[in-house]
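All values below come from the heavy atoms of this structure, side chains included, with hydrogens, waters and symmetry mates left out.
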Amino acid sequence: MKSKENEILKSLRIKHGYTYQDMADILQICKAYYWQIEHKNRRLSYDMAKKIAQIFGLRPDDIFYDETN
């Protein structure tokens, strides 16, 4: 089951024209690691959330916090 956060991150990545590999390169991690983050198969640290949000000019809460919970 996909969550709202997964869809937000995926849509931001696609909107900005980034592939999984592009994101991994920017974040200096491997492609598999990024894929796991986007698919909620890996726990996301706050530092990584900040780095990801910064790529899109957002705050981590804008991407990773679901206000409905």
Side-chain angles (χ1 to χ4, degrees):
M1 181 175 193
K2 295 200 178 226
S3 70
K4 183 178 177 182
E5 299 88 35
N6 295 74
E7 293 301 317
I8 292 170
L9 183 54
K10 179 180 178 180
S11 66
L12 283 169
R13 177 178 57 79
I14 292 169
K15 178 182 174 184
H16 286 83
Y18 293 133
T19 64
Y20 292 121
Q21 188 64 59
D22 294 332
M23 291 295 293
D25 291 345
I26 294 166
L27 295 165
Q28 299 179 338
I29 58 176
C30 71
K31 178 181 169 182
Y33 188 156
Y34 179 79
W35 185 93
Q36 291 172 346
I37 291 171
E38 191 169 301
H39 289 87
K40 292 279 196 174
N41 292 336
R42 183 178 285 256
R43 187 176 174 99
L44 180 66
S45 71
Y46 185 71
D47 286 338
M48 185 60 69
K50 286 189 333 185
K51 288 178 184 179
I52 293 170
Q54 186 175 28
I55 292 168
F56 303 115
L58 299 170
R59 298 172 307 138
D61 287 355
D62 297 333
I63 302 170
F64 301 106
Y65 179 69
D66 184 0
E67 292 182 17
T68 61
N69 286 338

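- Within a 6.0 Å radius of CD in Q21, other residues, nucleotides and ligands contribute more than 12 heavy atoms.
- For the salt bridge (Lys or Arg N to Asp or Glu O under 4.0 Å) condition, the pairs that include at least one residue of residues 12-27, sequence neighbours left out, are R13-E38.
- The structure places CG of D47 at 11.0 Å from CD1 of I52, a figure rounded to the nearest 0.5 Å.
- Closest non-hydrogen pair, K51 versus L27, comes out as CB-CD2, 3.6 Å.
- With values rounded to the nearest 0.5 angstrom, F64 atom CZ is found 7.5 Å from K40 atom NZ.
- The structure places OH of Y65 at 12.5 Å from CD1 of I8, a figure rounded to the nearest 0.5 Å.
- Under the rule for a ring-ring contact (aromatic ring centres under 6.0 Å, His included), Y33 has no partner lying at least two apart in sequence or in another chain.
- Using a 4.5 Å heavy-atom cutoff, the side chains of L9 and Y34 are in contact.
- The side-chain heavy atoms of M48 and I29, taken from C-beta on, include a pair separated by under 4.5 Å.
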**Item:** Test side-chain contact (heavy atoms from CB on, under 4.5 Å) applied to L12 and Y18, step by step
**Value:** CA-CA 9 Å; L12 283 169; Y18 293 133; over 6 Å; no
**Prompt:** Please walk me through it: do W35 and N41 pass side-chain contact (heavy atoms from CB on, under 4.5 Å)?
**Reply:** CA-CA 8 Å; W35 185 93; N41 292 336; 3.2 Å; yes
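- Annotation for P60 and A53: closest pair N-CB, 3.5 Å, computed over non-hydrogen atoms.
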